[in-house]
Each structure stands twice: as C-alpha cells, then as structure tokens.
Amino acid sequence: MEQLSEASLQQGIKQREKGESEYRLVWKHLSRNRTAVLGMIVIASFILLAVFAPLLATHDPISTDLGNALQGPSSDHYFGTDELGRDLFSRMLFGARISLNIGLISVGIGLLFGIPLGALSGYYAGKLDLVIQRIIDIMIAFPGILLAIVVVTVLGVGVQNVMIATGIASIPIYARLVRGSVLSVKKQGYITAAKAGGMRDSRIVFFHILPNCIGPIIVQSTFQVATAILWAAGLGFLGLGAQPPTPEWGAILSRGRGYMRVAAYLTTIPGVAIFLMVLGFNLVGDGLRDALDPRSRNY
Amino acid sequence: MSGYILRRILLTIPVLFGVSLIIFVIIRLLPGDPAVAIAGVHASQEYIEQVRQDMQLDEALHIQYGTFMSNLLRGDLGRSTFSRRPVTVELGERFPRTVELTVIALFIASVLGISAGVIAAVKRYSIFDNASMLFSLFGVAAPVFWLALMLQLLFSVHLGWLPAAGRGTWMHYILPSVTLGAASTGLIARITRSSMIEVLKQDYINTARAKGVMEKSVIYHHALKNALIPVVTILGLQFGILLGGAVLTETVFAWPGIGRLLVDSLLARDYPVVQGAVLLLASVFVFINLFVDILYAFLDPRISYSQESE
Amino acid sequence: MKRLFLVCVIALLIPAAVFAAGQREPEEVRQEIVIAMGAQPEALDPIAMASAPASTVGEHIAQPLIYLDQEGALQPQLATSWEASEDGKSWTLQLREGVQFHDGTPFNADAVKKNLDRFLDPESAAPYRFLISEITEVEAVDEFTVRLHMDEPFAPIISHLSHSFIAMISPASFADLPKGETVDHPVGTGPFKMVRWDRGEQIVVERNDDYYGDLPQLEKVTFKFVTEDSARVVMLETGEADAIMRVPPMDAQRLEGRDDIDVVYASSVRVIYIGYNAVMEPFDDPKIRRALNYAVDKQAIIDSILGGVGFPSTAPIVPAVFGHTEAGPYEYNPERARELLAEAGFPDGFSTTFHHPTGRYLMDSTIAEAVQSMLADVGVDVQLQTMEWGAYLDFVRKPPEEAQHSLYMLGWGTVTLDADYGLYALLHSSQWPPAGWATSLWADDRVDELLDQARITPEREIREELYEEAIEIIWDEAPWLFLHDEGQINGVRSNVKGLIHHPLENISAWDAWVE
C-alpha cells in the first residue's frame with residue numbers, strides 16, 4: 001500500500017544519534033497524538049482478545065452443527081452461527097490470532113530478507129549493489145497484490161503460504177528502505193572513523209548503521225502488517241486463502257459473502273473486524289511517522 | 001542529469017529481461033501438470049498428450065525459454081491454449097479496459113484526496129481535519145471486495161441509482177472506479193495533508209503572508225504547487241499498483257479487464273496468457289517507475305543523482 | 001476550499017442522480033433479453049469448444065445434427081433420421097433440406113463431411129474429438145445423405161453426435177484457415193446469428209430471419225459474463241439481467257419471495273461424489289467404503305447447505321441418463337457405519353486426508369467441511385486439504401503407483417445422457433489414469449465385462465439390462481462415497497417466458513419472449 005519512491009525515501013530519512021531520551025521523546029509525542037492512541041487501543045484490544053481466545057470462546061470454533069446453521073446473534077451465540085452452525089464469536093476470537101499472525105509473520109519474512117539485502121546493497125555499493133538493485137527492481141515490477149497471487153498459486157492454498165506470499169511481496173520495500181538509510185548514514189563522520197579504526201564491517205553495519213534506520217523500518221512495518229491482513233483477505237476472495245475450516249478473518253469474510261443478503265452479520269462482523277485492525281495499524285503507523293520525524297515534532 | 005536519465009532507461013533492460021525469466025520459471029513451478037489442467041475433466045489421454053506437445057512441455061526448460069524469447073523479440077507472445085487466439089490480441093482487448101478504469105479511479109481519487117488533504121492541512125486539528133482523515137482511512141482499511149459488494153448493494157439494490165455490474169454506459173464506470181480508487185483516495189489525502197503542513201511552515205509562505213498576500217492566494221499559488229510534488233510521485237506509483245490490483249474490483253463488477261484475465265489464466269494454467277499479461281503489467285509498471293523518478297528529479301532539485309553510481 | 005470539496009462531491013453525485021431520473025423511461029416491450037452467466041466461452045469454433053458456457057452460447061448459433069431435448073430424448077435437427085447398418089458398424093443419416101448457413105451457403109452432406117473431417121483431424125486438436133473418434137470415414141452418399149463408418153460397433157455414437165460441440169458451421173468460414181486455427185465468429189444454421197463478442201464482457205446474437213424452423217420471437221439476446229455469484233443476483237434484481245444462471249441456494253430462497261422474479265429449479269446431469277483411492281489401505285476394503293457411505297447424511301447436506309436443491313445419489317449417474325437404475329441411496333446410519341468399521345478391523349476409526357476443490361462445484365468446500373465433521377462422529381478423523389483447481393486435477397489423475405490421494409471430491413456430468421459416458425470413463429478398469437478418469441483406481445472384472453458389452457450392443461433394452469447389473473455391483477462395492485445429484489437454480493424476471501432450462505446446464509432462448 002505504502003510504497004515510496006527511492007528518491008523520496010532518501011530525502012525523508014534523517015540520521016541522528018539516538019539515546020534513551022530520544023525514545024522517551026517519541027513516546028511522549030505519540031501518546032499525545034489522539035488518533036495514534038486510538039489505534040494503539042484498538043490493536044491492544046485485538047491482541048488481548050487473541051491471547052485469551054481459548055478463555056473467552058464460548059464454543060469450539062470448528063465443530064459444526066448443521067441443524068443450527070445461520071442463526072442470527074443471540075445470547076447463546078453472540079455473533080450468531082455460520083452456514084455450518086459454527087459459533088461466529090468463537091471463530092472471530094481465534095481468527096484474531098491468525099490474522100495477527102499473518103501480519104506479524106509476513107512482516108518478519110520481509111524484514112529477514114529485506115534488511116540484509118538492503119544493508120549489503122547500501123553498504124558495499126559497487127557491483128553487488130547493482131545486482132541486488134536489479135533483483136529488487138524485478139520484484140517490484142510485479143505491481144500490487146500480483147506477486148502474492150503468483151507465489152501462493154505456486155506454494156498452494158493455506159495460511160502459512162499466504163504469510164510467505166505476502167512476506168515475499170514486502171521484501172523489496174524493506175530492501176529499498178534500508179538501502180536508502182544506509183546510504184545516507186554511511187557518509188557520517190563517526191562511520192568513517194570506525195572504519196579507519198579497523199572495526200569489522202559487520203559490526204559497523206549492525207551496531208552503528210542499522211540502529212539509525214530503525215525508525216522508518218518500524219513505521220513501514222506497521223503499515224505492512226495492515227497490508228498483509230488485507231491481502232490475505234483478497235487472496236481468500238480469489239479462492240487462494242486459508243484452508244477451511246481455519247477461522248481466518250479474510251476466509252470468514254469471503255465465505256460469508258454468499259450469505260450477504262440473508263445473514264448480513266456473516267460479512268459485517270469479519271469485515272468490521274478487519275477494518276478496525278487495519279485502521280489501528282494505520283493510525284499507529286501515521287502517529288509513529290510523525291513522532292519519529294523531528295520536523296513535525298516541534299509544535 | 002541527462003546522464004542519470006539515460007542510465008535509468010538502460011537499467012530497465014536487464015530488469016525486463018529478468019522479469020521475463022522469473023515469470024517463465026515461476027509458472028513452470030506451478031503444481032500440477034498444465035496439460036491435464038488445460039485439457040479439463042472430460043479430456044482423453046490422447047488430447048492431454050497433444051496439449052503437452054503443443055505447449056512444448058516435454059522439451060528442456062532452456063529450449064522452451066529460448067523459443068519463448070525468440071518469439072517475444074519478434075512481438076509474438078504465442079497463442080492462448082484455451083481460446084487459441086494470439087495472446088497479443090487478447091491482451092490488446094483487455095488491457096485498455098483496465099487502463100480506463102484505473103485512470104478514472106485515480107482521477108476521482110486525486111480530486112477527492114487532494115481537496116480533503118488541503119482542507120485538512122489548512123484547518124489543522126479542526127473537526128474537519130479529523131473527520132476527513134478518518135474517512136480517508138476508511139478506503140485504506142476496508143478489504144476492497146467487501147467495499148465493492150457493499151457499494152453495489154447500496155447504490156444498485158437499495159437506491160437503484162447505478163448499474164450493478166458490467167460495462168456499457170458511462171454510469172457503469174462509477175462504482176468500479178470509486179472502489180478501485182478508494183485506497184488511493186485515502187493515501188493521497190494523507191500525503192497531501194502532511195506535505196501541505198510542511199510547506200505552510202516554510203519561510204517563503206510566512207513572507208508571502210507578511211507581505212499581505214491574501215490567504216487564499218497563499219494557499220493556492222504558493223503552497224499547493226510545492227505541496228503537490230510528493231503527491232505526483234505517489235500518483236504514478238498508485239497507477240501501477242492499481243493496474244496490478246484491479247483483479248478484485250474487476251471480479252465483483254464483472255469488468256472485462258486484464259486482472260481477471262490474468263488470474264483466470266493462472267488458475268487454468270494458460271501459460272502463454274499468464275506470461276504475456278505479467279510481462280505487460282510489469283513493463284508498464286517499470287516504465288511508470290522510471291517516469292516517476294525522472295519527474296521527481298525535475299521537480300525536486302534537492303536529490304543528488306550520484307548515489308546510483310557510488 | 002470547503003466549497004471546492006463540496007463542488008467535487010456534487011460533481012461526482014450528479015451523474016448518479018441523472019441516471020436515477022433516466023431510469024424512469026416509458027415502458028415499451030422490446031423482444032430483447034440479457035442472460036448473465038458465470039464464465040465466458042473459451043471459443044465458439046467447434047474444434048476449440050470445451051466448456052458449458054461455450055455450449056450454452058454456441059447452440060444458439062451453430063447446431064449439431066441431432067438435438068438432445070430436456071427430457072433426454074434425441075430429436076431430429078439438421079439430421080431428420082438416422083439408422084444403423086446390420087453389423088452396427090455404420091450409421092446413415094438423412095439431412096434436412098433447404099437449410100442455409102448464416103452466410104447464405106447451403107447446408108448439405110458435403111458441409112457435414114467437411115465439418116466432421118475437420119473435427120476429427122488430429123491437427124485440429126479438438127478437445128472433444130474423443131466423442132466421435134470411433135468414426136473412421138465420413139461418406140457423403142448424396143446431396144442430403146451422410147454415412148458414418150466405424151471399425152467396431154459403437155452404440156453411443158448417435159448420443160455423442162448430439163453433443164453441442166459437434167456443431168455445423170459454414171465450410172466457407174474455415175476453408176481458407178490454416179489447419180488448427182479457429183474462427184472467432186461461428187457461422188452456423190441456428191436461430192440466432194452472432195453479432196459481436198466483447199471479450200470478457202458479452203456476446204450479442206440477433207435473430208436469424210432465414211431460420212428454417214420456428215422463428216424466435218426474441219430479436220436479440222445478450223450473454224453477459226459475470227463471475228461473482230452475488231453480482232449476478234443483483235443484476236437480476238435490478239433488471240440489468242433478465243435471466244441468470246447458477247443462483248446461490250441461499251439467495252434462491254430469498255428471491256422466491258419476490259413476485260417480479262421466478263426461481264427455476266431444474267435437474268442437472270452432474271453427480272458429486274467423494275472418490276476413494278481403492279488401491280490404498282484401508283479403502284481397498286469394501287466394508288470401509290460402505291461404512292463411510294452410511295456415515296454421511298446427504299439429505300442434511302442438501303437441506304442445509306444446498307438450500308434443498310439436489311437429490312441424494314441413487315446410482316453413479318443421474319436418473320435422467322439412459323441406463324440409470326435406482327440402486328440407493330445409502331441411508332444415513334452412523335450405527336451401521338461404526339459396525340462396519342469394527343468389522344473391518346477399525347473399531348476406533350482411523351485418520352485420513354480429504355482433498356477437495358474450492359469454488360468449482362456448488363458449495364464444494366462447505367460440503368467438504370460438513371463431511372469432515374460427520375465422519376468425525378464415527379471416529380474417522382479427516383484432514384481437509386483444499387487445492388486450487390489447476391493443481392488438483394493433476395493430483396487426482398495419477399496412476400496407482402504415483403497416486404497420493406485418499407479421499408477426493410469430484411463431479412461428473414454425463415452430458416450425452418447415455419450411461420456409457422458416465423460409467424465407462426469413471427469405473428472401467430481400462431480407464432485408470434493415465435488413460436482416463438477412473439481416478440478411484442477401483443476394478444471389477446464383471447463390471448468391465450458388462451460395460452464393454454453395452455458399448456457394442458445396439459439394442460437399447462439389452463443395454464439397459466447390462467447397465468442395471470453393472471450399477472448394482474458398483475453400488476454394493478462402493479468405489480465412491482456417493483453424495484448427491486446436483487440441481488441447478490436459475491433466476492428469471494417474471495415477464496420473460498419460454499426459456500428452456502436444460503439439464504445440460506444450458507439456458508436456451510429460441511422459444512422465449514418478453515411480455
């Protein structure tokens with residue numbers, strides 16, 4: 001969703017020394033931002049619901065009861081039952097785990113490959129940079145959700161493969177981001193000094209360069225979690241999402257669309273849940289971006 | 001500067017070459033025998049063998065790729081295994097449908113997004129600011145097919161204002177393009193807002209104000225022009241992303257675009273169409289990126305062009 | 001600035017208002033209808049046709065020699081009569097006289113020969129060539145007589161000739177084409193002429209005023225391709241479509257309440273089954289195969305998932321097919337299932353995997369989930385595995401030494417309405433993959449013998465008896481977990497009358513009119 005052009009990235013990244021007070025400052029700024037706080041509350045609630053899903057669930061999320069299908073919300077089934085008589089409330093709770101996992105793991109995959117690629121390419125420059133850059137360009141050339149669709153078709157249907165697919169699709173974004181940061185940091189005096197002092201490259205990259213890129217990486221990751229959750233839903237719509245009976249939100253939503261006119265809650269509830277979670281991550285991402293940017297902080 | 005541009009143009013060649021190789025390899029990694037998938041559930045063994053031969057599936061990969069590339073360089077993308085028509089013809093019919101949808105979607109998104117962003121920035125922290133930013137997030141946060149289905153229900157079934165699906169009159173364009181552009185609207189609004197806030201703090205704006213230039217004029221003539229620079233680059237990228245992401249919208253609204261063609265062909269293992277469509281979308285996207293970067297270089301003289309060559 | 005925003009919003013809303021106003025135009029009955037279907041034909045040239053949508057649209061334009069009506073009877077169409085030779089190795093067909101193709105060229109024996117030769121030519125690579133591949137020579141005896149020669153008797157040939165893919169198009173339209181190339185716009189003899197094809201969007205046909213039969217009342221029919229089920233339903237409700245195919249069961253119940261829409265329930269020729277891999281333990285034991293048949297409540301699936309549309313299978317083919325015998329259904333009896341499992345040495349059940357497609361058959365993955373939980377009740381622990389169609393088809397179509405499937409869901413439409421097409425292909429041991437689609441890898445010598453015999457016996461009564469015995473054995477041996485005979489649900493605006501809802505999942509418009 002949020003793809004920034006190379007040029008604008010390099011321009012936007014401001015390197016600075018970070019200390020304990022820096023983080024406190026960011027937090028202070030963030031906690032004063034009403035929408036960001038709202039976002040954090042939303043995310044925190046979903047995390048709590050996900051963690052305590054087994055305690056809160058009123059029914060088994062996958063046991064079916066055909067005689068009790070498509071019953072609207074009631075005191076027994078808070079969110080009603082789906083087309084197989086399963087309790088939607090319990091499915092949504094366990095689904096929160098899956099959707100959060102999809103977001104976090106796919107970001108993890110993106111970071112795991114994107115950061116080293118970007119760091120290598122930015123730090124060593126030269127031929128290596130040129131090659132990595134072209135690989136990144138090739139990956140980026142698959143616009144939007146397209147790369148995820150292709151990857152999941154190759155790997156097969158299932159939640160894990162959805163995570164991998166959305167993760168792979170985010171690699172180039174991180175690689176570009178990190179490369180840009182590294183490029184702008186490595187010309188700093190203290191880096192040159194460290195090099196001259198004979199410090200190993202890996203040490204310089206890990207302890208002196210990467211910490212300076214953490215801000216933009218966190219911001220990007222926040223948005224990326226949101227994107228992954230949305231893409232998982234989109235893949236589900238195309239029949240390439242989670243394996244039934246997995247209660248993944250996107251799967252519940254795309255399955256429920258067949259009942260949109262007779263049992264609207266089957267789409268409204270997962271739809272609103274996805275919306276709120278994605279909204280939460282976006283609000284926090286916006287807040288973080290403001291908070292990490294010293295230019296917008298001083299008002 | 002012209003060196004930079006030339007360099008960027010030359011670099012697209014290996015990228016496009018790489019894209020063709022990657023897509024060629026990836027679709028051959030797809031699980032399942034494509035000949036069986038293509039021949040279908042009633043097919044005879046004889047026909048499956050025939051398909052396998054026609055698709056050169058028994059040849060070594062590098063030979064298949066060689067044929068593919070040499071045909072490609074002659075502008076021949078092969079024939080669809082299903083319709084048996086030239087892929088170039090199929091793409092030629094479907095791609096413009098997606099482009100027209102995307103252009104309209106982006107137009108609507110820019111008009112709404114930029115207006116909302118500017119107002120939000122000018123009336124910062126007002127109710128309007130918060131409301132329009134929350135509203136703009138609605139488009140970003142709702143799963144696009146869900147949004148599509150709800151808009152369809154509201155405007156076609158309940159209000160009866162707009163046609164539900166298909167293509168024909170100009171009214172058929174409204175729902176699909178609004179849906180497709182929803183996420184971009186939000187993005188553009190937010191970027192316009194933050195960019196505008198940034199610009200409004202600049203010295204020259206204060207100077208203009210101090211000189212007694214009317215506030216309206218300050219905003220329109222001085223601030224907006226500069227604030228739109230990042231918006232323009234986002235527009236370019238969004239165009240490419242929407243082209244690739246239109247499949248969901250196209251499905252709900254039965255829009256005969258290239259996204260649906262691509263996904264159908266992928267699921268049905270129509271290799272020539274998949275190859276052709278991905279290659280087309282990727283090339284367009286690569287060129288848009290190129291164009292955006294060059295445009296950015298013109299618009300914002302602050303970037304240095306030496307970094308690529310370091 | 002606020003004003004600017006408002007202006008923009010209004011500018012975007014005006015068109016909607018204009019449209020709303022424009023909708024209230026004076027009523028005038030036009031003999032035109034729009035039919036919305038789920039997918040686009042891949043092609044309309046007979047040598048490239050391969051799907052139900054191709055058949056639905058195609059039969060309006062180009063016709064086969066013989067018509068299979070919705071009762072399952074073979075009716076004269078371009079051929080007026082047909083007769084087998086004594087030895088059953090050749091068939092003679094009399095052709096209708098005075099018929100013209102849409103381009104004005106005459107329909108005659110020469111045209112039939114050119115069409116069939118082209119269809120049979122291996123270089124044409126017609127997907128459905130196997131339907132008539134037994135024909136060794138097409139002979140134009142005189143202007144309106146054609147004789148088809150075969151090496152061996154092949155009784156189902158006449159049924160096969162009624163398949164809508166073996167349609168007659170004007171030889172002039174393909175005379176100059178290189179071999180294997182196809183025509184985009186078929187020139188047939190049908191009641192409608194092809195006007196345009198906007199790919200991915202619609203096909204428009206107009207009345208053929210020179211039609212040899214009863215002239216259709218409709219002047220124009222538009223077939224629109226709308227993948228998303230709910231979008232088709234909405235189009236029917238708003239009147240953008242006059243008829244839609246494949247109404248989701250849940251929406252059907254809702255639409256029934258509207259007086260401007262008729263919901264049409266029609267039979268189909270497709271059976272949905274869960275195959276066992278019969279060479280793999282424990283499914284090599286018929287007791288296990290029967291046990292699972294007793295464990296699944298098919299009526300409950302039909303009632304609660306399919307909205308009551310469909311019937312529990314009573315044979316491996318649907319009742320409309322020639323040769324059908326009512327052998328079942330297996331009643332829902334979990335007790336009996338547990339007993340059989342115990343007898344087979346699995347009193348506590350066992351674990352296995354169930355592969356199924358998604359979005360291919362009506363409610364397929366939902367049905368798979370229901371089956372999973374029913375089997376769990378008798379102790380059989382089933383792991384579901386969805387596969388995307390392209391991968392799935394190859395996965396189940398594997399010879400015994402490579403086969404990895406245990407339980408798998410498939411459907412089969414016996415589109416010729418002749419038992420041979422359903423039973424031979426799926427249950428004759430010669431058709432084990434890679435040769436054919438007998439994916440359950442089950443074999444029975446007696447069944448093989450009966451099916452072989454029925455193929456070469458021209459007398460219909462004898463064939464019927466042969467199929468009856470075969471079906472009884474198949475039912476008892478249970479190579480499948482028999483699920484249901486699929487039904488089809490179409491929706492039609494109530495001012496449109498006379499559409500034919502054919503069991504082959506076609507909607508035909510030549511007898512229809514708008515009131």
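For the numbers below, each heavy atom of this structure counts, side chains included, while hydrogens, waters and symmetry mates do not. Just so it is clear: chains get the letters A, B, ... in the order the sequence lines come, proteins before strands, and each one is counted from 1.
Counting heavy-atom pairs closer than 4.5 Å to chain B, the top residue among A:Ile274, A:Ile135, A:Val151, A:Leu276 is A:Ile274. Interface check for chain A: of the options B:Pro143, B:Gly32, B:Gly18, the most heavy-atom pairs under 4.5 Å are formed by B:Pro143. Residue with the most contacts toward chain B among A:Thr268, A:Leu279, A:Leu240: A:Leu279 (heavy-atom pairs, distance under 4.5 Å). Options B:Leu266, B:Val284, B:Val274 differ in how many heavy-atom pairs under 4.5 Å they form with chain A, and the most are formed by B:Leu266. Residue with the most contacts toward chain A among B:Leu153, B:Val247, B:Ile197, B:Leu281: B:Leu153 (heavy-atom pairs, distance under 4.5 Å). In terms of heavy-atom pairs under 4.5 Å with chain A, the best-connected choice from B:Gly240, B:Gly245, B:Pro31 is B:Pro31.
For A:Leu155, no part lies near chain B; criterion is any non-hydrogen pair under 4.5 Å. Neither the backbone nor the side chain of B:Arg193 comes within contact range of chain A; no heavy atoms are under 4.5 Å apart. Contacts of B:Ile27 with chain A are absent, with no heavy-atom separation under 4.5 Å from either backbone or side chain. Contacts between B:Arg260 and chain A at a heavy-atom distance below 4.5 Å involve the side chain alone, from C-beta outward. B:Leu29 touches chain A through backbone and side chain together, each having a heavy atom under 4.5 Å away. The contact between B:Phe138 and chain A is made by backbone and side chain atoms together, counting heavy-atom distances below 4.5 Å. Within the 4.5 angstrom heavy-atom criterion, atoms from both the backbone and the side chain of A:Val272 approach chain B.
Atom CG of B:Leu21 sits about 8.0 Å away from atom CD1 of A:Ile138, to the nearest 0.5 Å. One finds the CG atom of B:Asp129 at 9.0 Å from the OG1 atom of A:Thr35 (value rounded to the nearest 0.5 Å). To the nearest 0.5 Å, atom OG of residue B:Ser194 and atom CG of residue A:Asp290 are 7.5 Å apart. Atom CE of B:Met133 and atom CG of A:Asn282 lie 12.5 Å apart (nearest 0.5 Å). In this structure, A:Arg34 CZ and B:Asn130 CG are separated by 5.5 Å, a value rounded to the nearest 0.5 Å. We find the CD1-CG distance between B:Ile23 and A:Leu146 to be 7.5 Å, quoted to the nearest 0.5 Å.
Residues A:Met139 and B:Val15 form no side-chain contact, since every pair of their non-hydrogen atoms from C-beta on lies 4.5 Å or further apart. With contacts defined as side-chain heavy-atom distances shorter than 4.5 Å, the pair A:Arg261/B:Val157 qualifies. Between B:Leu11 and A:Asp137 there is no side-chain heavy-atom pair separated by less than 4.5 Å. Side-chain contact between B:Leu30 and A:Val150 is absent, with no heavy atoms from C-beta onward closer than 4.5 Å. In this structure, the side chains of B:Leu248 and A:Leu238 come closer than 4.5 Å at one or more pairs of heavy atoms.
By the 30° and 60° cut-offs, the orientation of the rings of B:Phe145 relative to A:Phe237 is parallel.
Around atom OH of A:Tyr265, more than 12 heavy atoms belonging to other residues, nucleotides or ligands sit under 6.0 Å away. Applying the 6.0 Å contact sphere to CG of B:Leu10 captures more than 12 heavy atoms from other residues, nucleotides or ligands.
Ring to ring, B:Phe285 and A:Phe142 are not that close: their centroids are 6.0 angstrom or more apart.
Taking every heavy atom of both residues into account, A:Ala141 and B:Val286 meet most closely at CB-CG2, 3.6 Å.
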